[in-house]
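Below is one structure, written out as structure tokens; comments come after it.
Protein chains get the first letters and strands the later ones, always in sequence-line order, with residue 1 at the start of each.
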2 protein chains.
Amino acid sequence: MKKVAIIDEEKTCFLCKNCLKEWIPAILAHKKNYKVKKGEIIFKEGDPVKGIFFVNNGIVKVHKRWGADKELILRFASEGMVFGHRALGGDGVYSISATAIQAGIVSYVDMEFFETTLKVNTDFAYKLLMFLAYDLRVSERKTRNVAHMPVKGRVAEALIMLKDQFGLTDDGYINIELSRQDLASFSGATYETVFRVINELISENLLVLSGKRISIANFEKLSKLTEDAA
Amino acid sequence: MKKVAIIDEEKTCFLCKNCLKEWIPAILAHKKNYKVKKGEIIFKEGDPVKGIFFVNNGIVKVHKRWGADKELILRFASEGMVFGHRALGGDGVYSISATAIQAGIVSYVDMEFFETTLKVNTDFAYKLLMFLAYDLRVSERKTRNVAHMPVKGRVAEALIMLKDQFGLTDDGYINIELSRQDLASFSGATYETVFRVINELISENLLVLSGKRISIANFEKLSKLTEDAA
DNA sequence: CGTGGCGTTGACCGGGATCAAGTAGAGTGG
DNA sequence: CCACTCTACTTGATCCCGGTCAACGCCACG
């Protein structure tokens with residue numbers, strides 16, 4: 001995975017794709033594996049913290065609910081990425097939920113062991129630090145966007161982020177199968193609105209659909225929508 | 001400063017009020033001081049990263065703009081707190097702005113020195129890690145709130161956070177003088193809307209005003225507004 | 001063939017942004 | 001001390017984006 005283009009152009013991301021094994025053999029030795037199926041809840045807000053998780057394969061959404069039926073997807077964790085790390089030093093319960101949206105295998109190490117490792121392995125702690133700072137920049141950008149950017153721009157940004165994280169298929173479509181509902185939750189808008197916005201983007205020739213797969217037809221114009229007019 | 005009550009009840013916060021000197025004498029020896037006056041911009045989005053900052057005294061707002069005249073205040077840094085730490089491992093420019101809203105003295109150490117210290121001082125790195133994880137939880141809660149919580153709840157939460165961070169004066173008012181504009185930006189809403197909402201809260205006897213100072217008259221009911229109905 | 005779930009679309013509505021205008025201080029200069 | 005300006009606060013009127021609700025089509029599946 002490359003870092004989200006909007007934030008940081010060319011550097012590769014910390015703690016993601018394949019870099020896991022280089023840094024933390026001690027942790028890898030201790031991890032326990034879970035097989036998860038599509039839609040399976042790994043943990044949810046308020047659950048007692050079990051540990052810190054890694055995606056071996058599959059895709060996990062990290063999300064936060066509001067009320068009975070509103071959620072916001074904060075990020076997707078794909079192969080090699082950590083999740084549940086926000087629980088570090090917290091009050092012992094998860095502040096977010098994690099749900100598999102594509103079947104796969106996730107691993108976890110209990111928090112105590114992880115924290116011990118951090119204290120011992122300076123290099124790893126440092127890299128995790130960098131990753132958290134990065135995470136924070138992404139999160140704060142998202143907050144700003146939800147507060148001020150119109151839905152159209154948020155959908156555009158969401159698609160660009162998905163493209164950056166998951167890449168393209170051979171025929172140029174964004175390489176993730178995402179329900180419209182999840183795309184909406186990731187954009188911080190409703191199902192119906194996102195639907196309409198996507199139609200708009202298609203009629204403006206910025207996107208092309210094939211079933212539920214999405215292809216970006218005009219990257220330039222799409223990323224213009226994510227820019228600040230000033 | 002206590003941690004924001006909503007997130008984490010009783011623990012004291014990392015890297016804040018007075019704990020600075022215990023952890024990082026090396027850094028304190030290297031810091032340079034700046035006197036800032038009210039309204040002075042310390043750095044802004046896009047500026048090249050100078051270093052990491054600390055508040056000696058005064059209050060600094062950390063904010064992010066959208067367009068010419070919209071901003072979102074992400075947090076306030078008061079005595080003893082760090083800011084600019086999101087720049088760690090970034091692309092060399094600040095992704096947010098920092099502006100003094102109360103005159104005081106801020107210090108900074110250049111990023112290179114800070115990063116070196118982090119690599120050497122494991123304990124400090126670990127504590128910063130915990131702090132970043134905490135920051136992330138707060139940030140993600142805020143994102144969710146802006147996406148789904150109505151303005152009234154956001155204003156309520158903003159006031160509670162201010163009370164937790166700045167405490168109360170002897171006569172029970174929140175101990176910070178904040179312009180309505182800043183309160184609005186912190187709540188992620190417009191000036192006028194926040195004004196109306198505050199009036200509403202007053203007529204419901206949840207708040208009392210004295211000039212621009214605000215007192216929480218009914219904490220119970222106010223914090224109810226920040227809760228998820230489900 | 002019904003039935004249930006999701007995709008699609010239209011109609012409506014309301015929260016909150018925007019616009020406009022008036023008021024009250026807080027300096028500032030004469 | 002008053003007039004003048006400037007900025008912040010206050011309030012009403014209006015508008016519109018996007019959320020809500022409802023209906024319909026479509027396909028899968030029992």
Side-chain angles (χ1 to χ4, degrees), chain A residues 38-39 65-72 101 144-158 177-204 207-214 225 228-230, chain B residues 37-39 61 65-73 99 101-103 144-158 176-204 207-214 225-226 228-230:
Chain A
K38 184 169 176 172
R65 347 194 102 272
W66 173 258
D69 49 6
K70 286 181 183 173
E71 70 166 6
L72 181 73
I101 60 167
R144 196 270 320 262
N145 289 354
V146 172
H148 294 308
M149 187 190 274
V151 170
K152 196 165 175 178
R154 302 211 299 270
V155 170
E157 181 149 331
E177 195 160 313
L178 201 59
S179 76
R180 287 294 152 88
Q181 181 56 65
D182 279 340
L183 179 56
S185 300
F186 189 47
S187 307
T190 58
Y191 194 82
E192 295 94 324
T193 301
V194 169
F195 178 81
R196 285 177 241 265
V197 166
I198 286 183
N199 279 347
E200 225 181 292
L201 292 172
I202 290 171
S203 70
E204 292 167 5
L207 294 182
V208 175
L209 283 201
S210 156
K212 51 170 54 180
R213 301 188 313 149
I214 300 177
L225 293 175
D228 182 336
Chain B
K37 43 182 186 294
K38 185 170 175 170
K61 66 173 177 183
R65 339 198 108 271
W66 172 261
D69 50 6
K70 285 181 185 174
E71 71 165 6
L72 181 74
I73 295 178
T99 306
I101 61 166
Q102 233 169 68
R144 197 267 324 258
N145 289 353
V146 173
H148 293 309
M149 188 189 273
V151 171
K152 196 165 173 177
R154 302 210 301 270
V155 170
E157 181 148 334
I176 181 179
E177 196 159 312
L178 201 59
S179 76
R180 288 294 153 91
Q181 181 56 66
D182 280 339
L183 179 58
S185 300
F186 188 48
S187 307
T190 57
Y191 196 82
E192 295 93 324
T193 300
V194 169
F195 178 79
R196 286 178 240 266
V197 166
I198 285 182
N199 279 347
E200 225 180 291
L201 292 171
I202 290 171
S203 70
E204 292 167 6
L207 294 182
V208 174
L209 282 200
S210 156
K212 51 171 52 181
R213 300 188 314 148
I214 300 177
L225 294 175
T226 67
D228 183 335

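In this structure, L207(A) CG and I214(A) CD1 are separated by 6.5 Å, a value rounded to the nearest 0.5 Å.
Closest approach to the K212(B) side chain among dG18(D), dG12(D), dA8(D) is made by dA8(D) (side chain taken as heavy atoms from C-beta onward). Among the nucleotides dT10(D), dT20(D), dG18(D), the one closest to any side-chain atom of Y191(B) is dT10(D).
Electrostatic pairing of R213(B) and E177(B) does not count as a salt bridge here, judged by no charged N lying under 4.0 Å from a carboxylate O. A salt bridge does not link R180(A) with E192(A): none of the charged nitrogens is closer than 4.0 Å to a carboxylate oxygen. Under the 4.0 Å criterion applied to side-chain N and carboxylate O atoms, K61(B) and D182(B) are assigned as salt-bridge partners.
Counting heavy atoms from C-beta on, the side chains of S179(A) and L183(A) never come closer than 4.5 Å.
Across the protein-nucleic acid pair, F195(B) atom CZ and dT7(D) atom C1' stand 16 Å apart, rounded to whole Å. One can place CD of E200(B) at 13 Å from P of dG12(D), the figure rounded to the nearest angstrom. R180(A) has its CZ atom 16 Å from the P atom of dG19(D), to the nearest Å.
Minimum interatomic distance between A158(B) and F186(B) (heavy atoms only, all atoms of both residues): CB-CD2, 3.7 Å. In plain terms, the two heavy atoms of M149(A) and R154(A) that are nearest each other are O-NH1, 2.8 Å.
Note that the first and last nucleotides of DNA chain C, 5' to 3', having any atom under 4.0 angstrom from a heavy atom of chain A are dG7(C) to dA11(C).
Counting only Watson-Crick or G-U wobble pairs whose defining distances are both under 3.5 Å, the stems of 3 or more consecutive pairs in DNA chain D are C:1-30 with D:1-30.
Put simply, the side chain of R196(A) and the base of dT20(D) share a donor and an acceptor less than 3.5 Å apart.
Not counting sequence neighbours, K70(B) has no partner by the side chain to side chain donor-acceptor pair (under 3.5 Å) test.
Residue T193(A) places none of its side-chain N or O atoms closer than 4.0 Å to OP1 or OP2 of dG18(D).
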